[in-house]
Structure formats: structure tokens, C-alpha cells
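To start, the structure under review is shown below, and the notes come after it.
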Protein chains: 2
Amino acid sequence: MSVPLYQAKAEMFRTLGHPVRIRVLELLQDGPRPVRDLLAEIDVEASNLSQQLAVLRRAGVVASFREGALVMYALGTPDVADLLAAGRRILGAVLTDRDGLLVELRAQE
Amino acid sequence: MSVPLYQAKAEMFRTLGHPVRIRVLELLQDGPRPVRDLLAEIDVEASNLSQQLAVLRRAGVVASFREGALVMYALGTPDVADLLAAGRRILGAVLTDRDGLLVELRAQE
DNA sequence: TCTTCAGTTGCGAAAATCCGCAACTCGCTC
DNA sequence: GAGCGAGTTGCGGATTTTCGCAACTGAAGA
């Protein structure tokens with residue numbers, strides 16, 4: 001058995017386990033966006049964002065392509081949105097109320 | 001904003017981002033189990049398993065309780081199963097066929 | 001009580017992540 | 001073709017994870 005299945009799953013989840021990467025995915029839910037935009041909304045160094053995008057790209061979670069002078073990013077598959085939604089649901093179930101995050105969560109759903 | 005929401009989400013995903021922890025959760029999908037059983041099926045040192053269980057416990061993903069001489073573990077919420085299922089789906093979408101994992105995946109669904 | 005079995009915790013070393021700085025590549029425009 | 005704006009890559013250093021060993025706690029039996 002090459003690369004056990006449960007290890008592949010673990011890598012998939014670990015790929016999402018970073019604040020910047022989560023934000024990127026949430027932004028991409030609304031459709032493709034140029035790095036430019038992501039950078040404007042996320043407040044992180046350009047090189048840092050680029051590295052996080054590379055992680056997502058290597059995992060196949062997002063895809064990138066050029067459009068004129070800009071580089072665009074998009075979700076690799078719409079299923080990603082489902083995963084994020086499932087994550088939100090668990091968070092709701094898990095933090096009964098650790099310091100008010102619940103409110104924010106509800107507002108976003 | 002205390003602990004931004006996207007950071008909480010990232011931590012949630014990172015919690016699942018470990019082969020042993022994934023296996024534990026998959027085993028717990030079928031109902032509560034004693035550490036004893038998990039240890040028998042996972043092939044990892046007892047202390048290591050205990051540490052991974054602690055990670056899941058701290059995140060609220062699983063809960064533990066004693067039953068006689070044994071310590072039992074169970075999913076903190078059934079929603080966890082949904083998350084795992086969503087992960088499986090993405091994996092299917094993402095690895096078009098990186099070395100045959102797809103077959104295993106299909107068999108398990 | 002003294003053991004023993006079931007798990008957990010502490011600790012330290014090895015490995016992996018994270019992140020800023022600097023250098024580089026690639027289109028585009030002048 | 002020189003310069004520029006948009007991103008990426010390389011490189012360390014700091015931080016975080018991971019994991020085995022050894023010591024410890026707690027319940028149940030002898």
C-alpha cells in the first residue's frame with residue numbers, strides 16, 4: 001500500500017490547518033481571484049501569502065492560471081466549500097461558548 | 001475580536017491533520033471504544049496514542065470517561081463524521097489518480 | 001496492603017512549520 | 001531592451017510538533 005489512505009487524509013486536513021490558508025479558501029468560495037485581491041484583504045507579506053498558496057496548490061486544493069499581468073487562483077473543486085461548511089458546523093458544536101466566537105459563527109452562516 | 005474565527009477554524013483542521021488522530025476518529029465513528037481497542041488496531045506506542053488522544057480531547061473533538069478499569073473514548077459530536085466524509089470526498093476529487101489511492105478510497109465509501 | 005494492568009504525563013531530542021528578507025522570473029510598457 | 005509591477009523562490013532562524021523512554025496515577029485483584 002503506497003502512502004496509506006489515512007495519511008493522505010491527514011495531509012489534506014493539515015493543509016487547511018493554517019489561518020491564512022483558511023482565509024484564502026473562504027475568499028475563493030466566491031469565485032476566482034487575483035493574488036492582488038487576496039493580498040489586499042489578508043494582511044500578510046507577499047512572500048508569505050505566496051508560500052501558503054503554494055501549499056494549497058501542491059495539495060491540489062486550489063489551481064492557478066495567468067490572466068494578463070495577474071495570476072488568478074480558484075478552488076480546485078467546489079467540494080472544498082463543503083469541507084469548510086462542515087468545519088464551521090463542528091466548531092459550532094464544539095465550542096459551546098468559549099469566549100463568544102459562537103456569535104460570529106452564527107452571523108456568518 | 002478574541003481569537004479570530006478563521007484561526008479557530010485553522011486549529012480545528014490542524015487537529016485532524018495527523019494520521020493517528022484520523023484513524024482514531026474513524027474507529028470512533030462506530031461508537032465508543034476503550035483505549036485498549038484503539039491501541040490494538042493502530043500500532044503506535046501507548047504514550048504516543050495517549051498524547052494524540054489528549055490533542056483531540058483538548059480540541060473538544062472527542063470525550064473520554066471511565067468504565068470500570070478501562071477508559072473509553074467517543075466522538076464529541078456526530079458532526080465529526082460529516083467532516084471526515086467531506087474530507088474523503090475532496091480527496092477523491094483531488095487525486096485524480098496519484099498512485100492508486102483512489103481505488104482504496106472508493107472501496108471504503 | 002502489595003501487585004498489576006490501564007493510561008497518562010514529563011522530558012528531551014529530532015523533524016517539520018512558519019515567516020521575513022533578499023534575490024529572482026515573467027509579462028507588459030515605454 | 002530597459003524598467004516596472006506582480007508573484008515566486010531560496011535561505012536561515014525561530015517556533016512548534018512529534019515521539020520514544022521513563023516515571024507516575026488509579027482502579028481492581030491477590
Side-chain angles (χ1 to χ4, degrees), chain A residues 3-4 6-25 27-28 31-76, chain B residues 3-4 6-25 27-28 31-76:
Chain A
V3 185
Y6 52 83
Q7 187 175 324
K9 288 182 195 167
E11 279 167 20
M12 167 61 55
F13 283 117
R14 180 181 307 169
T15 297
L16 306 195
H18 186 288
V20 170
R21 297 198 290 264
I22 287 285
R23 296 206 69 189
V24 167
L25 293 178
L27 290 170
L28 292 185
R33 277 172 175 269
V35 176
R36 209 81 222 298
D37 277 23
L38 302 176
L39 196 51
E41 302 213 43
I42 298 187
D43 182 46
V44 71
E45 262 215 13
S47 74
N48 192 341
L49 176 59
S50 223
Q51 285 170 344
Q52 307 308 337
L53 287 173
V55 172
L56 292 171
R57 231 187 308 121
R58 277 195 295 275
V61 176
V62 304
S64 70
F65 54 95
R66 282 202 95 101
E67 200 160 299
L70 308 185
V71 175
M72 308 286 293
Y73 275 84
L75 294 187
Chain B
V3 184
Y6 50 83
Q7 186 175 326
K9 287 182 195 168
E11 278 166 21
M12 167 61 54
F13 283 118
R14 179 182 303 163
T15 297
L16 306 193
H18 186 288
V20 169
R21 298 198 289 263
I22 286 286
R23 297 207 68 190
V24 167
L25 293 178
L27 290 170
L28 293 185
R33 277 171 175 270
V35 175
R36 209 84 220 298
D37 277 23
L38 302 176
L39 197 51
E41 303 212 44
I42 297 187
D43 182 45
V44 72
E45 263 215 11
S47 74
N48 192 343
L49 176 59
S50 224
Q51 286 169 344
Q52 307 309 336
L53 287 173
V55 172
L56 292 171
R57 231 186 309 120
R58 277 195 295 276
V61 176
V62 304
S64 70
F65 54 96
R66 281 201 99 100
E67 201 160 298
L70 308 185
V71 175
M72 307 286 293
Y73 275 84
L75 294 188

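Numbers restart at 1 for each chain; the letters A, B, ... are given by sequence-line order, proteins then strands. Because the structure is predicted, anything quoted here is derived from the model rather than measured. Note: hydrogens, waters and symmetry copies are ignored here, and every other heavy atom, side chains too, is used.
- You'll find the side chain of A:Leu56 stays beyond 4.5 Å of the side chain of A:Gln52, heavy atoms only.
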Do any N or O atoms of the protein come closer than 3.5 Å to N or O atoms of nucleotides 16-19 of chain D, and which pairs are they?
unit_1, atom_1, unit_2, atom_2, d
D:dT18, OP2, B:Arg21, NH1, 3.4
D:dC19, OP2, B:His18, NE2, 2.9

Are there any protein N/O atoms within less than 3.5 Å of an N/O atom in nucleotides 24-28 of chain D, and if so, which ones and at what distance?
none

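- Under the 4.5 Å side-chain criterion, counting only non-hydrogen atoms from C-beta, A:Leu16 is not in contact with B:Met12.
- Interface limits on DNA chain C: the 5'-most and 3'-most nucleotides within less than 4.0 Å of chain B heavy atoms are C:dA6 to C:dC11.
- Put simply, the side chain of A:Arg21 gets close to the backbone of A:Thr15: a donor and an acceptor are under 3.5 Å apart.
- The line from CG of B:Leu49 to CG of B:Asp43 is 11.0 Å long, rounded to the nearest 0.5 Å.
- Closest approach of A:Pro19 and B:Gln7 over heavy atoms only: CG-CG, 4.2 Å.
- Contact detail for B:Ser50 and B:Arg57: the closest heavy-atom pair is O-NH2, 4.4 Å.
- At least one side-chain heavy atom of A:Leu53 sits less than 4.5 Å from a side-chain heavy atom of A:Tyr73.
- Considering only heavy atoms from C-beta on, B:Val20 stays 4.5 Å or farther from B:Arg23 through its side chain.
- The shortest distance between the side-chain N/O atoms of A:Tyr73 and the OP1/OP2 oxygens of D:dT8 is below 4.0 Å.
- Atom CZ of B:Arg33 sits in a crowded spot, with more than 12 heavy atoms from other residues, nucleotides or ligands closer than 6.0 Å.
- Atom CG of residue B:Leu27 and atom CG of residue B:Leu75 lie 10.5 Å apart, to the nearest 0.5 angstrom.
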